[in-house]
Amino acid sequence: MPKSRLNLLFLFFQLLTLQFLSIISAIRKDIGFQETPFCKTTVQGRYLLSDDNGYVCDAVSVDPQSRCCPEKGEKFSCQGCNLLSQCCNSYEYCVSCCVNPARTLKEQVLNVKIAKPTTAGTYGSVFDFCAGRCRHNSESVVHENAYLSDFHHCFSMPSNASGAGVTQLEGRLSGISVIIGRQGESCDSVCKSSGQSCVLNKLILLNQCEIIQKYMSCKGGCLASMGADQPAEVADDAPSNLNPTACLYTRIQSMLSCDGSHRHTRRLCPCA
């Protein structure tokens, strides 16, 4: 083969190589498969579910690939929830309300034990905490087999949780005078005698052993009871069947009342 022809072939292959390399260099290297967002969802309800973005939807409208609810309607909805007691009448809306960063602090819930034993693990995310806490809460049942009320899905921090307790509860009592009444006296009467009024929605905060024991001696322990005169302490001279010197709180929060009284108890009252 003539030398000139070989040179032409060599130049031709060089041109092809340069063209191929330029095509490769023009290809974007930052293009990859777009990641599809994936949501955690509740699975308890028959008709509704809540995702970890804070939306509630029905099972039919959930995205089959991402498992996320459509981003429409209210985010972090608290529909059917009592924000004071932090309890709801719907599991899904309880979770939706709970995952709101303004209501549930991530630093606190990630330290909460999943179960009581010291060997129990902790929750991996705020959503995991809310999904678990709203589902089972021993503080919302009575006799271990019945709910206290329709608002039995509660997302409040456990009373023995790290970061929760008396200090946090007292912060919510800011501006409230906590006064111990005389035996047989109602909170309406207790507050009126000091020129104030009973604040009904703060009774829920006082209706907890940790708070009652801070203000009263509770020598007979702290017991769950029923009655409109609670939280209270039973008088020393009360009949033995009434648990003298014991402090009482009610599990049926709807029974709390400013005008409730009992001749054998002294009430703990929120006044302002």
Side-chain angles (χ1 to χ4, degrees), residues 81-89 137-154 156-160 164-194 196-272:
C81 297
N82 182 323
L83 297 183
L84 183 62
S85 64
Q86 296 183 309
C87 294
C88 311
N89 59 13
N137 183 351
S138 60
E139 297 168 22
S140 64
V141 297
V142 62
H143 305 310
E144 299 183 357
N145 61 1
Y147 289 116
L148 291 174
S149 71
D150 290 337
F151 294 84
H152 56 260
H153 299 291
C154 303
S156 58
M157 290 281 287
S159 57
N160 62 344
V166 175
T167 303
Q168 188 179 44
L169 291 172
E170 286 186 327
R172 297 169 65 186
L173 287 168
S174 177
I176 297 296
S177 301
V178 180
I179 303 175
I180 300 174
R182 294 187 298 270
Q183 191 171 323
E185 192 176 19
S186 71
C187 279
D188 277 336
S189 176
V190 172
C191 295
K192 186 177 180 180
S193 64
S194 63
Q196 298 176 300
S197 300
C198 174
V199 185
L200 179 60
N201 61 8
K202 295 298 182 181
L203 275 173
I204 293 177
L205 301 180
L206 297 181
N207 185 49
Q208 305 189 50
C209 285
E210 295 92 337
I211 294 293
I212 302 172
Q213 290 169 337
K214 184 175 176 64
Y215 292 94
M216 296 174 157
S217 61
C218 304
K219 295 177 181 177
C222 189
L223 307 174
S225 184
M226 294 179 64
D229 61 311
Q230 295 160 26
E233 183 179 48
V234 183
D236 296 355
D237 59 355
S240 58
N241 65 305
L242 296 180
N243 300 300
T245 73
C247 287
L248 307 176
Y249 70 95
T250 180
R251 287 184 170 178
I252 305 178
Q253 296 178 349
S254 60
M255 294 187 69
L256 293 171
S257 170
C258 284
D259 62 3
S261 63
H262 192 285
R263 64 192 182 96
H264 290 298
T265 64
R266 296 186 306 146
R267 294 202 63 183
L268 190 63
C269 304
C271 305

Requested in this report: Go through the steps to decide whether Ile211 and Leu205 satisfy the test side-chain contact (heavy atoms from CB on, under 4.5 Å), and finish with yes or no.
Outcome: CA-CA 8 Å; Ile211 294 293; Leu205 301 180; over 6 Å; no
Query raised in the report: Going through the distances and angles, do Ile212 and Leu206 end up as a side-chain contact (heavy atoms from CB on, under 4.5 Å)?
Result: CA-CA 6 Å; Ile212 302 172; Leu206 297 181; 5.8 Å; no
Requested in this report: Check the pair Cys87, His152 against side-chain contact (heavy atoms from CB on, under 4.5 Å), reporting the backbone distance first and the verdict last.
Outcome: CA-CA 6 Å; Cys87 294; His152 56 260; over 6 Å; no
Query raised in the report: Is there a side chain to side chain donor-acceptor pair (under 3.5 Å) between Asp259 and Ser257 once you walk through the steps?
Result: CA-CA 5 Å; Asp259 62 3; Ser257 170; 2.3 Å; yes
In a table with atom names and distances, give each donor-acceptor pair under 3.5 Å that connects a side chain of residues 219-230 to protein atoms at least two apart or in another chain.
residue	atom	partner	partner atom	Å
Ser225	OG	Gln230	NE2	3.3
Asp229	OD2	Thr265	OG1	3.1
Gln230	OE1	Thr250	N	3.2
Gln230	NE2	Met226	O	3.0

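For Ser193, the side chain to side chain donor-acceptor pair (under 3.5 Å) criterion is met by no residue, not counting sequence neighbours. Applying the side chain to side chain donor-acceptor pair (under 3.5 Å) test to Ser189 and every residue at least two apart in sequence or in another chain returns Glu185. The side-chain contact (heavy atoms from CB on, under 4.5 Å) test applied to Asn241 returns Pro239, not counting sequence neighbours. For the side chain to side chain donor-acceptor pair (under 3.5 Å) test, residues two or more places apart in sequence or in another chain that qualify with Ser217 are Glu233.
Of all heavy-atom pairs between Pro270 and Lys202, the closest is CB-CB, 3.7 Å. Closest non-hydrogen pair, Pro244 versus Ala238, comes out as CG-O, 3.2 Å. Taking all atoms of both residues into account, the shortest heavy-atom contact from Ile179 to Gln196 is CD1-OE1, 3.9 Å. Taking both residues in full, the closest heavy atoms of Leu203 and Pro231 are given as CD2-CD, 4.0 Å, listed atom of the first, atom of the second, then distance.
The shortest side-chain heavy-atom distance between Leu268 and Met216 falls under the 4.5 Å cut-off. Between Asp237 and Gln183 there is a side-chain heavy-atom pair separated by less than 4.5 Å.
Residue pairs that meet the ring-ring contact (aromatic ring centres under 6.0 Å, His included) test with at least one member in residues 251-272, sequence neighbours left out, are His262-His264.
Cys pair Cys247 and Cys218 passes the test of SG atoms under 2.5 Å apart. A distance below 2.5 Å between sulfur gamma atoms is not met by Cys187 and Cys198. Cys pair Cys258 and Cys269 fails the test of SG atoms under 2.5 Å apart.
In this structure a side-chain-to-backbone donor-acceptor pair under 3.5 Å is missing from Arg267 to Val190.
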